[in-house]
Amino acid sequence: MFKGVLLGFMAFAAYALSDAFVKSLRGSLPAYEAVFFGAALGLSALPFIKAEGDRWREVLLAQRPGLYLVRAMAGAVGSIAAVIAFTALPMAEAFALIFLLPIFVTILSVVLLKEHVGWRRWSAVVAGFIGVLVVLRPGFRALGIGHLAAAICALAGAVSMIALRVAGPHEKRITLYSAGVIGPMLLTGALMLADFRWPSLPQAGLLLGYGLLAALASVLLMLATQKAPANHVAPTQYSQMLWAVFLGYVLFHDRLDWPMAVGIAIILGAGLFTLVREEKVTRWWQKIRMV
């Protein structure tokens with residue numbers, strides 16, 4: 001159990017470092033080109049993700065092809081939006097909005113899966129949006145494309161999570177992982193054909209860090225969920241916020257004011273509470289293969 005949770009912390013540290021690498025590009029490459037190279041490098045995790053008995057054709061062939069397509073498209077949109085958000089916003093602020101994902105999952109589970117949600121989880125939803133208002137302070141500070149991109153990233157992640165919840169019991173691990181890599185690679189590959197730019201050597205180094213660290217994180221997360229229940233590993237994702245504050249301060253000289261810190265705390269608290277209630281009420285963690 002302890003090893004699984006520790007591996008979870010390591011996985012999300014690697015994810016945070018991956019985000020720092022792509023932020024270091026500072027928009028010098030189009031977001032879709034950065035995502036293409038990141039997704040292509042993400043294929044390097046497939047030999048480690050592949051379980052005994054899995055077939056390579058299952059990278060593309062799913063039992064539920066419609067849900068595979070949903071996850072592929074959501075992964076592509078979410079990845080592009082994440083790169084835009086990290087380019088335009090301080091890391092902690094981007095993460096604060098992206099961490100609305102559990103709140104969106106709750107809302108979508110009612111709309112799409114017709115799940116019953118009690119007053120406790122609805123209270124967490126309301127608290128999460130109050131936290132967003134505290135962070136954004138509309139009317140008191142300028143909002144831009146980065147804020148919209150972070151919110152779109154959270155929504156796309158929630159759509160992917162709902163699809164994972166439905167498809168998970170029927171799919172192999174390699175299929176679940178590849179949907180989130182193949183989709184972004186194909187869509188962004190098509191987008192960049194009209195205006196492809198070869199990365200310079202420094203840009204290539206940053207892209208390598210972005211893609212390979214994300215691939216490493218995926219492998220670590222898979223190992224974590226093999227050694228500990230997924231519902232114990234999932235909350236370690238919130239350690240990314242600590243890394244975001246630290247890396248933002250050290251690498252990008254980001255500063256947090258008190259209202260933003262309070263808003264982030266509210267969003268994180270609401271998200272963690274939502275995760276706890278999801279496990280107690282639906283127990284869907286036990287029904288799927290988490291990657």
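The chain is numbered in sequence order, starting from 1.
- To the nearest 0.5 Å, atom OG of residue Ser160 and atom CG of residue Leu101 are 8.5 Å apart.
- Enclosure of atom CZ in Arg57 is not indicated, since only 12 or fewer non-hydrogen atoms of other residues, nucleotides or ligands lie within 6.0 angstrom.
- Note: the hydrophobic cluster containing Val111 also contains Val70 (ILVMFWY, side chain heavy atoms under 4.5 Å, direct or indirect links).
- You'll find the side chain of Lys114 stays beyond 4.5 Å of the side chain of Ser109, heavy atoms only.
- No single ILVMFWY cluster, assembled from side-chain heavy atoms under 4.5 Å apart, contains both Leu242 and Phe95.
- The shortest side-chain heavy-atom distance between Gln240 and Asp19 falls under the 4.5 Å cut-off.
- Interatomic distance, Ile103 CD1 to Leu155 CG, rounded to the nearest 0.5 Å: 13.0 Å.
- Judged by distance alone, the side chain of Gln203 and the main-chain N or O of Ser200 form a donor-acceptor pair under 3.5 Å.
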CA sep, side-chain torsions, deciding dist, call: Arg137, Asp257, salt bridge (Lys or Arg N to Asp or Glu O under 4.0 Å): CA-CA 12 Å; Arg137 282 161 284 168; Asp257 56 22; 3.2 Å; yes
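- When all heavy atoms of Ala167 and Leu67 are compared, the closest pair comes out as CB-CD1, 3.6 Å.
- Side-chain contact between Val105 and Arg165: present, with at least one pair of heavy atoms (C-beta onward) separated by less than 4.5 Å.
- Judged by distance alone, the side chain of Lys23 and the main-chain N or O of Leu89 form a donor-acceptor pair under 3.5 Å.
- A distance-only check finds a donor-acceptor pair linking the side chain of Ser44 to the backbone of Leu41 [under 3.5 Å].
- Side-chain contact, Thr188 with Glu33: no donor N or O sits under 3.5 Å from an acceptor N or O.
- Within 6.0 Å of the OH atom in Tyr249, the count of heavy atoms belonging to other residues, nucleotides or ligands does not exceed 12.
- Between the CG atom in Leu221 and the CD atom in Gln226 there is a gap of 10.5 Å [rounded to 0.5 Å].
- Here the closest non-hydrogen pair linking Ala39 and Pro184 is CB-CB, 4.2 Å.
- Under the 4.5 Å side-chain heavy-atom criterion for Ile, Leu, Val, Met, Phe, Trp and Tyr, Tyr210 and Leu43 are members of the same hydrophobic cluster.
- The shortest distance between side-chain heavy atoms of Leu206 and Val22 does not fall below 4.5 Å.
- The backbone N or O of Ala14 sits nowhere less than 3.5 Å from a side-chain atom of Ser18 that would complete a donor-acceptor pair.
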Derivation of the side-chain hydrogen bond (donor to acceptor under 3.5 Å, both in side chains) call for Tyr15 and Ser218: CA-CA 8 Å; Tyr15 276 128; Ser218 298; 3.2 Å; yes
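- Relative orientation of the Phe246 and Trp243 rings is perpendicular, given thresholds of 30° and 60° on the angle between their planes.
- The cluster map of Ile, Leu, Val, Met, Phe, Trp and Tyr, joined by side-chain heavy atoms under 4.5 Å apart, puts Val245 and Leu268 in the same cluster.
- Relative ring orientation between Phe196 and Phe37 is described as tilted, the plane-to-plane angle lying within the 30° to 60° band.
- For the atom pair CD1 (Ile98) and CZ (Phe104), the distance works out to 11.5 Å, reported to the nearest 0.5 Å.
- Residue Phe86 holds its CZ atom at 12.5 Å from CD1 of Ile84, rounded to the nearest 0.5 Å.
- Scanning for side-chain contact (heavy atoms from CB on, under 4.5 Å) contacts around Thr175 gives Glu58, Ala62, Tyr68, Glu171, Lys172, with sequence neighbours left out.
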Verdict with supporting geometry, Tyr238 and Phe12, ring pair (Phe, Tyr, Trp, His ring centres under 6.0 Å): CA-CA 8 Å; Tyr238 285 81; Phe12 289 112; 9.0 Å; no
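- Of all heavy-atom pairs spanning Ala81 and Ile152, the tightest one is CB-CG2, 4.1 Å.
- Between Ile145 and Leu148, the closest side-chain pair of non-hydrogen atoms falls below 4.5 Å.
- Using a 4.5 Å cut-off between side-chain heavy atoms of Ile, Leu, Val, Met, Phe, Trp and Tyr, with links allowed through other members, Ile174 and Leu60 fall into the same hydrophobic cluster.
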Trace of the side-chain contact (heavy atoms from CB on, under 4.5 Å) decision for Gln237 with Phe99: CA-CA 9 Å; Gln237 180 177 4; Phe99 278 3; 4.0 Å; yes
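- Heavy-atom minimum distance, Ile264 versus Ala92: CD1-O, 4.0 Å.
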Worked check of side-chain contact (heavy atoms from CB on, under 4.5 Å) between Leu97 and Leu136: CA-CA 9 Å; Leu97 296 176; Leu136 298 183; 4.0 Å; yes
CA sep, side-chain torsions, deciding dist, call: Ile267, Phe129, side-chain contact (heavy atoms from CB on, under 4.5 Å): CA-CA 8 Å; Ile267 293 170; Phe129 284 114; over 6 Å; no
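- By the 4.5 Å heavy-atom criterion applied to side chains, Phe48 and Leu216 are not counted as neighbours.
- Here the closest non-hydrogen pair linking Leu207 and Ala34 is CD2-CA, 3.8 Å.
- Residues Ala217 and Ala11 approach most closely at CB-O, 3.3 Å, considering heavy atoms.
- Taking the side chain as every heavy atom from C-beta outward, Arg26 and Phe252 approach each other to under 4.5 Å.
- Distance CG/Leu187 to CD1/Ile80: 5.0 Å, rounded to 0.5 Å.
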Derivation of the side-chain contact (heavy atoms from CB on, under 4.5 Å) call for Met73 and Leu69: CA-CA 6 Å; Met73 292 300 297; Leu69 182 61; 4.2 Å; yes
